[in-house]
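Encoded as C-alpha cells, the structure appears first; notes follow it.
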Amino acid sequence: MDQAICIYSARGTLLYYNSELLEFFNLPEKIAYIGAQREDIIRFLAERGDFGDGDVELLTTKQLQFLHHQANCRYQHRVPDGRILDIRRQTSPDGQSIATFTEITAASRLETAVTAVARAVLKKSGHGYLQSLVNAISRALGMEWVAIGAPDHPEADSVSTLAASRNGVTVESMNYRLPGSPCARVVGQTVCVIPAQANKLFPDNEFLLEHGLDSYIGVPLFDADGKALGVLSAFDVEPLDEFSIAERLLEIFASRVVVELDRLQTIGRLRISERRLRNFADVGSDWLWEMDADLRFSWLGDNVEALTGLSADHYIGRRRDDFRADDDHGDHWARHMATLQAHEAFRNFQYRRELPDGRSMCISNSGIPILREDGVFLGYFGASTDITERKHVEAELRKAKQRSEDANRAKSRFLAGVSHELRTPLNAIIGFSEIIASEMFGAIDNPSYVQYGKDIQISGQLLLGLINDILDLSQIEAEELPLNVDSHNLAELVDESVRLFLRRAMEANIEISVEISDAPPSLYVDGRRLKQILVNLIGNSIKFTASGGWIEVRAGLNQDGWLMLEVADSGIGMAAKDIERALEPFSQLGSEIKHGQEGVGLGLSISSRLAELHGGSLHLTSEPDVGTRAQVLLPASRIISGDGWPAAIDA
C-alpha cells in the first residue's frame with residue numbers, strides 16, 4: 001500500500017507497523033520495533049524537534065494527552081522534511097489504536113497553487129483573463145515564462161502568443177516558429193514534460209538558447225470538437241524537480257482557457273454576424289420608414305402591416321417612444337432619444353413591441369439624418385427589422401453553453417469525489433482484510449473468519465480495479481488523463497507485467513513465453529500506463545484461454561521503424577465482425593469466461609485509448625477456436641536512440 005500503518009495495544013505497545021512508517025517519520029529501528037512503547041517513540045520525536053521548541057517532557061505529555069482524547073480522528077501533520085501527512089486514527093472496542101498515514105504533500109501544494117491562481121483571475125474575462133492567468137501561474141509555480149500560444153492559421157508553422165508572462169509580469173505578444181520548438185510536440189497532440197536540458201534537446205530553438213531555458217511543460221488546447229486551438233506552456237531556467245504539480249496546474253486551467261477562447265471566438269462570430277445583418281439592413285429590411293423634423297413618423301412601407309398587424313396609418317404622426325413597452329429600460333430609451341434630438345445617425349437600436357394579437361416583437365432599427373443642402377435638419381430615413389428569431393436563438397445558445405459548463409463542472413466534482421471517497425477507504429479495507437486473512441496477529445480459531453477475510457480482500461481488489469478503470473476511462477474521454485512520460489527499460493516493463501500472471505497461468509496450466517530480443521532497450525513512455533496496457537491484454541488472454549493453451553508476449557520493430565508489442569494466445573477467439581465491438585467500453589462477447597474472471601468490458605477500450613495517447617494504436621486479429629493476437633504500435637519517436645535521447649516526435 002502507498003500508506004504507512006501502525007497498531008498500538010490499549011497500553012501503548014507497538015503491535016504492528018510497516019516499513020513506510022519508518023520512512024515517513026525517519027525513525028531508526030532501535031526506536032520503532034514490535035514491543036516499543038508509544039511514549040518512547042513520541043519522546044524521541046519531541047527530542048528531535050518534530051513538535052517544535054520547548055520542554056521535551058512537556059511536549060511528550062501534551063502529545064500523549066491529545067492521542068488519548070482523540071481516539072477516533074483525522075488530521076494533517078507536517079514532518080520536519082516538509083512533507084504533509086493525512087493521519088487517520090481509529091480505536092477498536094478492546095482499546096487497540098490503528099493509525100494510517102498518507103502523504104498528501106503534492107495534493108496540498110497543488111491546492112494552494114490552484115487557489116492562488118483562481119483568486120487572481122476572479123471576475124476577469126476575455127484577453128484580460130488570459131493575461132491575468134499566465135501572470136498568476138508564473139508566480140504560483142515560480143517558473144520564469146508562461147504563455148498561451150495559438151497557430152496563426154490551421155496550416156501555419158508559426159505560433160503567436162495570445163498572452164505571455166515573464167516572472168509574473170506581462171510581456172508583449174511574441175511570434176515563434178513551431179518546427180524545432182517543444183511546442184511542436186504539444187499542439188494538436190498531447191502533454192509534453194521536459195524536466196531538464198530542453199535547450200539541448202532543441203539546439204536550434206532561438207528562444208530557448210537566448211534565455212537559457214532548461215525545463216519545459218506544455219499542455220495542448222482542444223475545443224469541444226477536438227480541433228487543436230494551441231498550447232498552454234511554461235519554461236524555466238532551472239530543472240523541474242516536482243514537475244507533476246506544475247503539469248497538473250496547467251492541465252486544470254487549460255480547460256478554462258479553452259472555454260475563454262471559445263467565448264472570445266463566439267463573440268467574434270456574433271460581431272461578424274451583426275455586421276452582416278447591418279449590411280443587409282442597408283440594402284433591404286422588413287420595412288422602411290421616414291420621420292419629419294419633429295421626429296414623428298411621416299411615412300412607412302406597406303409591409304409593416306403584414307409584420308406587426310397595424311397599418312402604416314397607425315404610425316403616422318407618432319414618435320417611436322410612443323410604442324415602447326412598459327417594462328423597457330428608461331435609460332436605454334433616453335440615450336436613443338438623445339441621439340435623435342442630436343440628429344445623429346444610429347444603427348441597430350433595439351426595442352420590444354407588444355402587438356395587438358398578443359405577440360411580443362423585438363425590432364432592430366437603423367437610421368440616417370436627412371439634411372437640406374444648407375444643413376437644416378429635415379428628418380430621418382431608416383429601416384426596421386424583426387429580430388425575434390434571432391433573439392430566441394441567442395437565448396438558446398446561452399442556455400446550451402451554460403448547461404455544458406455546468407455539466408463539465410459537475411463531472412469534474414464527481415471524478416474528484418469518487419477518486420478520494422472510494423479509493424482511500426478501499427485501500428484500507430484491502431489492507432486490513434489482508435491482515436485478517438494472513439492471521440498476522442495470531443491464529444483464528446474459526447477458519448470461516450479467515451476465509452471471510454480472503455473474500456473481502458479479493459472483492460475489494462476487484463472493486464478497486466473496476467473503480468480505477470471507470471475513472472481512467474472518464475478522464476480519457478474528458479481529455480484529462482495526463483501522461484507522465486520518462487525513459488523506461490522495455491524488458492523491465494514486460495517482465496513486471498508478465499510476472500503478475502505467472503501463478504495464475506501455472507494454476508490454469510497455461511504456458512506463457514516472452515520474446516523481445518529484437519526490440520529496442522528503452523522507450524520514452526508513461527511506464528505505468530504501458531504496463532496497464534500489457535496487463536489488460538495478458539489478463540484477457542488468460543481469461544479466454546483453456547487449460548493446456550499458450551500465451552506469447554513479443555516485441556520488435558515493424559518495417560516503418562515503429563515499436564510492435566504483441567500478446568497472442570490460443571484462446572477461444574472471436575469472429576472478425578465482433579472485433580470492433582470488443583474495443584468498445586463495457587462490451588462483453590461470448591459466454592465461455594472462466595468462473596471468477598468476469599469483468600465489465602473496459603480493458604481493451606482503455607488499452608486502445610492509452611495507446612492513442614502515446615501517438616500509437618491497438619489492433620486485434622482473431623479467429624474462433626484458434627486464438628487472438630493483440631498488437632500495440634507505438635511511433636518511432638517513443639524509441640530512445642543510442643545517444644540516450646528520444647527521436648524527434650513525428651506522431
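Computed from heavy atoms alone, side chains included, the values below leave out hydrogens, waters and symmetry copies.
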So does Lys227 pair up with Asp225, basic N to acidic O under 4.0 Å?
-> no
Taking the six-membered ring for Trp, are Phe349 and His332 parallel (under 30°), tilted (30 to 60°) or perpendicular (over 60°)?
-> parallel
For Tyr129, enumerate each residue passing the ring-ring contact (aromatic ring centres under 6.0 Å, His included) test, keeping only those at least two apart in sequence or located in another chain.
-> none
Under the side-chain contact (heavy atoms from CB on, under 4.5 Å) criterion, do Val237 and Asp214 qualify, and how do the steps go?
-> CA-CA 5 Å; Val237 295; Asp214 192 59; 5.7 Å; no
Partner residues of Ser617 under the side-chain hydrogen bond (donor to acceptor under 3.5 Å, both in side chains) criterion, sequence neighbours left out | His619
Partners of Asp386 by side-chain hydrogen bond (donor to acceptor under 3.5 Å, both in side chains), sequence neighbours excluded?
-> Thr388
Check: Val485 main-chain N/O paired with Arg529 side-chain donor or acceptor under 3.5 Å = no
side-chain hydrogen bond (donor to acceptor under 3.5 Å, both in side chains) partners of Asp157, counting only residues at least two apart | Arg177
Return yes when atom NE2 of His127 has more than 12 non-hydrogen atoms of other residues, nucleotides or ligands closer than 6.0 Å, and no otherwise.
-> no
Please lay out, stage by stage, how Phe202 and Ser181 fare under the test side-chain contact (heavy atoms from CB on, under 4.5 Å).
-> CA-CA 7 Å; Phe202 299 91; Ser181 161; 5.8 Å; no
With sequence neighbours left out, write down each residue that passes side-chain hydrogen bond (donor to acceptor under 3.5 Å, both in side chains) with Arg296, or none if nothing qualifies.
-> none
Run the side-chain contact (heavy atoms from CB on, under 4.5 Å) check on Phe222 and Val258 step by step: do they pass?
-> CA-CA 7 Å; Phe222 294 96; Val258 169; 5.9 Å; no
Could you label the plane-to-plane angle of the Phe297 and Tyr315 rings as parallel, tilted or perpendicular, counting under 30° as parallel and over 60° as perpendicular?
-> perpendicular
Can you name the ring-ring contact (aromatic ring centres under 6.0 Å, His included) partners of Tyr75, sequence neighbours left out?
-> Phe66
Once you round to the nearest 0.5 Å, how far does CD1 of Ile148 lie from CD of Gln131?
-> 8.0 Å
Answer yes or no: is there a donor N or O on one side and an acceptor on the other, between the side chain of Ser158 and the main chain of Tyr176, under 3.5 Å?
-> no
Residue pair Asp86 / Thr102, side-chain donor-acceptor N/O under 3.5 Å = no
Glu612 atom CD, over 12 foreign heavy atoms within 6.0 Å | yes
Examine distances only and state if a side-chain atom of Thr161 and a backbone atom of Ser173 form a donor-acceptor pair shorter than 3.5 Å.
-> no
